[in-house]
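Below is one structure; the comments refer to it alone.
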Amino acid sequence: MTLKDSRNKLQESINQTIDYVDSLLKAEGLPIIKEQKTNNPLWVDVREIDLRYQLPVKKVERFFSALKEGKILATKCPKCGAIYFPPQDDCPNCRISGLEWVEMPTEGELITYTVINVKPPSFSHYGDYIVGIARMSNGVNVLAWVNAKEVKVGMKVKLRVTRREPEGYLTYEFIPA
Amino acid sequence: MRNVAIIGTGHTKFGVRTDVNLQELAWEAIKQALEEANLEPKDIQYFSVGNVGSWSAEELPAIVVGEYAGLCPKGTMRVEAACASGSAALREAYLAVKSGEVDIALAVGVEQMHQSPNPQVVELIGRAGNYFWEFENFGLTFPGYYALHATAYMAKYGAKQEDLGEIAIKNHYYGARNPYAQFQKEITMEEYLNSRMVAYPLKLLDSSPITDGAAAVILASEDVAKKITDSPVWIVSQGVASGSANLSRRTDYTHIEAAYLAAQQAYKKANIEFENAWKYFDVAEVHDCFTIAEIMAYEDLGFAKRGEGYLLAREKQTYIGGRIPVNVDGGLKAKGHPIGATGVSMAVSITRQLLYRAHKGTQVDVKNGMGVAHNVGGTGHYAYVTIFSTRRPST
């Protein structure tokens, strides 16, 4: 299913509910339905909210520009040497900001995984996906999708930049090494 | 610091509770607790409300509940610690009394998850963790986060699917005997093994359900408690800890570090030896949002050695009569898991157990007069371990 198809499908089911409530309002003057399983009367909200957040990324913008160059970056505290992935620009231990940018190693070993069968609605346009956590050769863990037919704990994986379709945005994934 | 006792408990039927709204649901539990303590709403000097919300409409649940239950204008706040919000609400009220700020406080946990369709709830719970790095990009779900632990645990220690199944079977066995439980029916190993996968290796029958429910406790200082009741249950100690938002920032996925740390704190304050912890308690309530979570809890609480928690399940040592009865009210698995109410529900279950007021077929033998509640929020993001006793703490 394409992104557009799944959005349309979601919107269609929302529209159906709204149409139903509209017809109820016309006939009864109240948006009250009977819940199928329990027969309890429920007031269907006549207000709605559509949430899509805008998340500030200024302090880690370098991470996203590096994805365009095919690189996956972490930050490193110049004082204590701590490596942060996901990247952050502040080291709370040393209380300094403006950390160094370093490239993450590509080699890692899968330490655990799951296959998401029951998906959130906003991920329903994907097939079942594998989420894994790998310990990279620098000792830092990364969580990402594992793009592989078969997986097992202990398998060697490679971390790489990928374009997530159908949205078409740059992110990262594991593939078998 | 003063001793604090539970002097009243309230608990609603858990399940699909669309016969009431959020505040009516909370009132059911509050009313029961007030009646038990023989108090009126005006006697409550402070109240905390455990509620996560977002699937339900009210943005300010504490004041909506306060108005409905006649607790306004007393001070209050809504408390959020994900699935441990109930224990956080309990802690808030406990500290208010312990510090001497007030003499009588009420903690209520309430959640009405059926105000939204199930898929929307799956979406919202999946966002609990680090939203941007772990949900936005990788679409983890709540079962998914625990499945990452199940895979690691099973690979390291050789636990089998059937071992997880033992937890579900036990908790359904007791849920069938608890009139407050969402699922009042037993299940078989065959049904368990045939249930559909939700996040490999976790199945539908490894998972706690989407639940509406409320629970309440009234706490009082020692002086006040003595006047009100001759059977107080004391809060001996509480340990609290947190874990990293990003699961990738942790080093190990075979236990819940925050829960282990919280247990260490609570045990230390109560002079309990970690290695022999199970010997001190008559009953334990642990956070079995998924079966693997109960197995990890056995180890994080010192009931079993690292890597041996699944053997406790396999040998059926956590039924009544075994090494230590765990979740004999059905646990989150069968009793249900109304997120913000769960921690308070655990306190209610243990209080009633210690007073020989548990439901028929679920009452443990009370020898030591002590119980422990282990409540985890998110995937080890928050942890609360609370120890209860019929004996007055010496301090």
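To find a chain, count down the sequence lines: A is the first, B the second, and so on, and within it residues start at 1.
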*Structural part of A:Val131 lying under 4.5 Å from a heavy atom of chain B*: both
*For B:Phe135 and A:Pro120, work out which heavy atoms get closest and say how close.*
CE1-CG, 3.8 Å
*asked:* For the interface with chain A, which of B:Ala147, B:Ala155, B:Gly139, B:Ala152 has the highest count of heavy-atom pairs at distances below 4.5 Å?
replied: B:Gly139
Less than 3.5 Å apart and able to act as donor and acceptor by atom type: which atom pairs between chain A and chain B qualify?
from	atom 1	to	atom 2	distance (Å)
A:Glu35	OE1	B:Thr18	OG1	2.6
A:Asn40	ND2	B:Thr18	OG1	2.8
A:Phe85	O	B:Arg249	NE	3.2
A:Pro86	O	B:Arg249	NH2	2.5
A:Gln88	OE1	B:Arg249	NH1	3.4
A:Thr112	OG1	B:Leu148	O	2.4
A:Thr112	OG1	B:Ala152	N	3.3
A:Tyr113	O	B:Thr151	OG1	2.6
A:Thr114	OG1	B:Tyr200	O	2.7
A:Val115	O	B:Tyr200	N	3.0
A:Asn117	N	B:Val198	O	3.0
A:Asn117	OD1	B:Ala199	N	3.4
A:Asn117	OD1	B:Tyr200	N	3.4
A:Val118	N	B:Val198	O	3.0
A:Ser122	N	B:Glu123	OE1	2.9
A:Ser122	OG	B:Glu123	OE1	3.0
A:Ser122	OG	B:Glu123	OE2	2.6
A:Tyr129	OH	B:Gly139	O	2.7
A:Arg135	NH2	B:Thr251	O	2.7
A:Asn141	ND2	B:Ser248	O	3.4
A:Asn141	ND2	B:Arg250	O	2.7
A:Asn141	ND2	B:Tyr253	OH	3.3
A:Trp145	NE1	B:Phe138	O	3.0
A:Arg164	NH1	B:Asn137	O	2.9
A:Arg164	NH2	B:Asn137	O	2.8
A:Tyr169	OH	B:Asn137	OD1	3.1

*What option among B:Leu204, B:Val122, B:Leu140, B:Ile125 has the most heavy-atom pairs under 4.5 Å with chain A?*
B:Leu140
*Write out all pairs satisfying salt bridge (Lys or Arg N to Asp or Glu O under 4.0 Å) with one or both partners inside residues 14-26 of chain A, taking only residues at least two apart or from two chains.*
none
*Can you sort out the partners of A:Ala66 under side chain to side chain contact (heavy atoms under 4.5 Å, CB included), two or more places apart, ordered by chain and number?*
A:Arg62, A:Lys71, A:Leu73
*Would you mind checking which part of A:Ile116 comes under 4.5 Å of any heavy atom in chain B, side chain (CB onward), backbone (N, CA, C, O), both or neither?*
both
_Test of understanding: with side chain to side chain contact (heavy atoms under 4.5 Å, CB included), list the residues that count as partners of B:Ala26, not counting sequence neighbours._
B:Ile30, B:Val65, B:Val108, B:Val110
*Quick one: which of A:Ile133, A:Ile111, A:Ile49 has the most heavy-atom pairs under 4.5 Å with chain B, could you say?*
A:Ile133
